[in-house]
Amino acid sequence: MVLKGKHLLNSTDFSVDEIFSLICLAEKIASNPEKYSEKCRGKIMASLFYEPSTRTRLSFDAAMKRLGGAVIGFSDPVVSSHSKGETIEDTVRTVECYSDIVVVRHPEPFRPHKLSRYILIPLINAGDGPNQHPTQTLTDLFTIYHYKKRLSGLKIGLCGDLKYGRTVHSLIKAMDRYDNNSFVCISLDNLKLPEEISKEISSEIIESSELEISMHDLDILYMTRIQKERFETIEEYENSKGCYILTRDKLDFAKEDTIIMHPLPRVDEIHENVDEDKRAVYFNQAKAGMYIRMALIMMLLGISD
Ligand code: CP
C-alpha cells in the first residue's frame, strides 16, 4: 500500500484499504500529536487557493506546520502573478520548483485534474467547483468511523444543496463502496442529486423533500449549505435559501445516536441551539480534518509513522 507520490483528485482515487490506513494514522496522530511534530521538517507545502476557504486552507496549513513543515502560497490569486495574466499551469509548474506537495482549490470542475498532468510532486484537490472535495470526504469518513466504529451498514441522510454540493458528490461515491449503506437525499426539486451521479451509485437511494419525516431512522444526518455562489440567478437562490433549517426541537425526530454532520461553513441551515446537543459533531469534524490531512501529507510524501 504505497501512496507516496500520488495525486488525490477524486474521493475514490484511493482504495478502501488505503483510506483505512489513513484513518488509522490520523487516529494515532490525534492521540499523540507530539510524536509527529518533526515528521515533515524540511518539507514545504504550496497552498494555492483560487476560491475562498476557511477550514480546508487553514487545516492544511495547520497540518503541515504541526508536522514541522513549512507552507507557501496564497489565499487569493489577486496577490499572485495570475493578476498579471500568468496561466495557472505556469504557476503550478513554478511552484513545483519550490515545494514538495501542492494543494489547489479552484472554482472550475476538473481544473486540479488537468493541472496534475503538469507536475510530478503530489497534487491534492482541495475542491473544484461543484465537482469534488476529496479531503472533505476523508475528513467525513474519519469522523464517521470515530463515532460509528464502522463505515458500512449505515443510513445516511444528505440534506440541502445536493446539485452543486461537492462534499455530497464526493461522500456519496466514497460511502457507496462499503457494504449495506443507504442514502436518503433530502432536497428541493431544483437541488436534487444530479442523475449522472445517482446512476453511478449501487446503494439504495431514497429521495425526499421533507427533513423531519426523513430523520427517524438515520445514523447520520449530513446537512449542507444552500450555496449562493453556485446559482445561475439570484432569483433561484432566493427561492431556495432557508428551505431546510435544523433546530433543536426537530432533533426529537432523530434517534439518540444519530450524528449531525456538516462540512461547514453554515449559514442558517443548522440553528445555533443545535450546537449544544451531543449529536452535533460538526466542529469535531472540522478538527478531524486537520488530523486526517496530517496523515495524508505524511503518506503522500512517503514519510513513515
Ligand atoms: N468544508 C470546507 O471546505 O470549508 P471551507 O470552504 O471553509 O474550506
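No experiment lies behind these values; they were computed from the predicted model shown. When a ligand or atom number is given, it counts from 1 through the structure's own listing order.
Remark: ligand 1 and R166 share no N or O pair separated by less than 3.5 Å (distance only, no angle test). For the pair R55 and ligand 1, the shortest N or O to N or O distance falls below 3.5 Å.
Atoms of ligand 1 lying under 4.0 Å from at least one heavy atom of Q136, given by number and element, are 1 (N), 2 (C). Interface of P263 with ligand 1, defined as ligand atoms under 4.0 Å from a residue heavy atom, comprises 1 (N). The atoms of ligand 1 that sit less than 4.0 Å from any heavy atom of R105 are 3 (O), 5 (P), 6 (O), 8 (O).
Cation-pi check for R105 over F49 is not met; the charged atom does not lie both under 6.0 angstrom from the ring centroid and within 45 degrees of its normal.
Atom 7 (O) of ligand 1 has its nearest heavy-atom neighbour, among T54, D140, T139, in T54.
Contacts of L264 with ligand 1, taken as heavy-atom pairs under 4.0 Å, involve the backbone alone.
Between the N239 side chain and the E236 main chain, no donor and acceptor come within less than 3.5 Å of each other. A donor-acceptor contact shorter than 3.5 Å is absent between the side chain of Q285 and the backbone of T139.
Between R66 and the choices R293, K39, M290, the side chain to side chain contact (heavy atoms under 4.5 Å, CB included) rule is met once, by M290.
Using cut-offs of 30° and 60° on the angle between ring planes, the pair Y50 and H106 is tilted.
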| query | Can R230 and R166 be said to form a side chain to side chain contact (heavy atoms under 4.5 Å, CB included), step by step? | reply | CA-CA 11 Å; R230 304 277 182 233; R166 59 190 173 202; 3.2 Å; yes
